[in-house]
Amino acid sequence: MTEKIKQLVDKVKELLEKASSVAEIGDIRVTFLGKSGEYTGLLRGLKDVAPAERGTIGKLINEGKVRLENMIAEKEAYFRKKEEAKKLASEKIDVTLSKGYLIGSTHPITKVKNEILDTFIGLGFAVKEGPEIETDYYNFQTLGIPADHPARDMQDTFYISENILLRTHTSPMQSRTMLSEKPPIRIVVPGKVYRADDDATHSPIFNQIEGLCVEEGISLAHLKNMLEIFAKSTFTKDTKVRFRPSYFPFTEPSVEVDISCSMCGGKGCRLCKGTGWIEVLGAGIVNPVVLENCGIDSKKYSGFAFGFGIDRIAMLKYGIPDIRLMYENDVNFLKQYK
Ligand code: DAH
């Protein structure tokens, strides 16, 4: 056994001498010290050693293991440093060198936003923008969400003071518009919104588009038709749309809108978790309470509304796996969208 330990240590030494990259060293580590590595196997062989010697041999194996680990780590650090220096040298920028002007490109979010707005402009919608710093009144109360309403929990709000906040959605522009204009109203509202949320699919600042149409005789059928046109022009002609019942305080009935998966076309894949459908937006028939809050006769008029995240649509459209990529301004990421 003592001989075997020495042999393996020598073998690793020899291989390390010949190795020339971090990756090769990683392979050596796995081959010898991995779960089913050659050296790790020695410990398993310990049971065949005479009980009297087991202690001494076990100690030798462990000492050898520490030596191997140290040798491997040392070599690895050496090559890591070398590879890093090489990478830095290759990315070095000579700022005195004139390469002419670098022309920027439209950000993927802006690109998708403009395409979507074009679709709705074609359907007779006007584009409106509103304040990002909003009052509690417009962001919540006019939309049927009084103080203490449980629906406030759906949106983690950044408050500036008790009544002033960063808007959590573009929906306050629904009430702002209805309070200042008479039907017929057809608007789409793009803009930044804010929520205390931060992971691969949520950013504390993101972009939404709100839609509102208030006219006589508007029904869910009109909403579905508009959203089908939106889905087909944003993704592909074959994209399908389905409604699922949901709840929003400002719409009644409310729906969650799914589109057939943009990656597999509805067959089922990793992106749609095998269902063939992807949830993209919330919508519904404007709650008569909201119409009345905004001075619109709910017996005469009805409307539909919808709201969705532009970032999410851009991620689906371009297969971007992490929302944060769109906010890091890495030129190598951005120039793909030229
Ligand atoms: N404001 C909702 C949100 O940000 C989205 C939404 C749902 C907007 C339904 C609507 C709507 O206009 O009708 O979660």
Side-chain angles (χ1 to χ4, degrees), residues 113 116-117 120 123 125-132 134 136-145 149-158 165-179 185-197 201-215 218-227 230-231 241-259 278-291 293-294 296 298 301-313 323:
K113 175 178 89 174
I116 296 173
L117 290 180
F120 282 105
L123 292 166
F125 285 73
V127 178
K128 276 203 132 188
E129 287 185 293
E132 288 169 33
E134 232 341 330
D136 185 283
Y137 178 70
Y138 287 116
N139 197 81
F140 291 125
Q141 295 173 41
T142 52
L143 296 168
I145 316 175
H149 192 290
R152 290 204 177 200
D153 258 8
M154 289 161 84
Q155 306 183 346
D156 290 319
T157 312
F158 287 116
L165 44 83
L166 295 179
R167 67 175 174 193
T168 55
H169 50 181
T170 39
S171 307
M173 275 308 284
Q174 286 190 34
S175 24
R176 279 184 179 273
T177 307
M178 288 189 280
L179 280 163
I185 292 172
R186 272 193 202 189
I187 53 155
V188 271
V189 185
K192 295 192 190 75
V193 300
Y194 303 81
R195 286 187 208 176
D197 222 348
T201 52
H202 298 89
S203 161
I205 170 170
F206 62 105
N207 295 269
Q208 282 190 336
I209 290 183
E210 188 80 14
L212 174 71
C213 168
V214 182
E215 292 171 29
I218 290 292
S219 74
L220 272 183
H222 297 110
L223 171 67
K224 186 143 192 224
N225 178 244
M226 295 279 172
L227 292 179
F230 151 72
V241 170
R242 78 171 180 189
F243 283 2
R244 278 180 296 112
S246 185
Y247 171 76
F248 297 101
F250 29 92
T251 41
E252 182 56 42
S254 301
V255 292
E256 209 76 65
V257 181
D258 296 344
I259 57 162
I278 294 185
E279 184 183 317
V280 284
L281 59 93
I285 291 297
V286 181
N287 194 324
V289 174
V290 174
L291 294 177
N293 280 348
C294 299
I296 290 179
S298 64
Y301 296 105
S302 58
F304 66 71
F306 58 84
F308 57 84
I310 308 175
D311 312 50
R312 181 161 163 73
I313 303 283
I323 192 169

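Quick note: numbers below take in every heavy atom, side chains included, and nothing from hydrogens, waters or symmetry partners. Numbering of ligands and ligand atoms starts at 1, following listing order.
Residue pairs satisfying the salt bridge (charged side-chain N to carboxylate O under 4.0 Å, His left out) criterion with at least one member in residues 185-195, sequence neighbours excluded, are listed as follows: Arg186-Glu215.
Aromatic rings of Phe248 and His169 (six-membered ring for Trp) have centroids beyond the 6.0 Å cut-off, not under it. A ring-centre distance under 6.0 Å is found for Phe230 and Phe308.
When atom types are taken as modelled, the side chain of Thr157 and the backbone of Gln155 share a donor-acceptor pair closer than 3.5 angstrom.
If you run side chain to side chain donor-acceptor pair (under 3.5 Å) between Tyr194 and each of Arg167, Glu134, Glu132, only Glu132 comes through.
The local environment of OH in Tyr247 is crowded, with over 12 non-hydrogen atoms from other residues, nucleotides or ligands closer than 6.0 Å.
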If you look at each N/O of ligand 1, which protein N/O atoms lie under 3.5 Å away, and at what distance?
from: ligand 1; atom 1: 1 (N); to: His169; atom 2: ND1; distance (Å): 2.9
from: ligand 1; atom 1: 1 (N); to: Ser171; atom 2: OG; distance (Å): 2.9
from: ligand 1; atom 1: 4 (O); to: Arg195; atom 2: NH2; distance (Å): 2.7
from: ligand 1; atom 1: 4 (O); to: Gln208; atom 2: NE2; distance (Å): 3.0
from: ligand 1; atom 1: 12 (O); to: Gln174; atom 2: NE2; distance (Å): 2.9
from: ligand 1; atom 1: 12 (O); to: Glu210; atom 2: OE2; distance (Å): 2.6
from: ligand 1; atom 1: 12 (O); to: Phe306; atom 2: N; distance (Å): 3.4
from: ligand 1; atom 1: 12 (O); to: Phe306; atom 2: O; distance (Å): 3.3
from: ligand 1; atom 1: 13 (O); to: Ala305; atom 2: O; distance (Å): 3.2

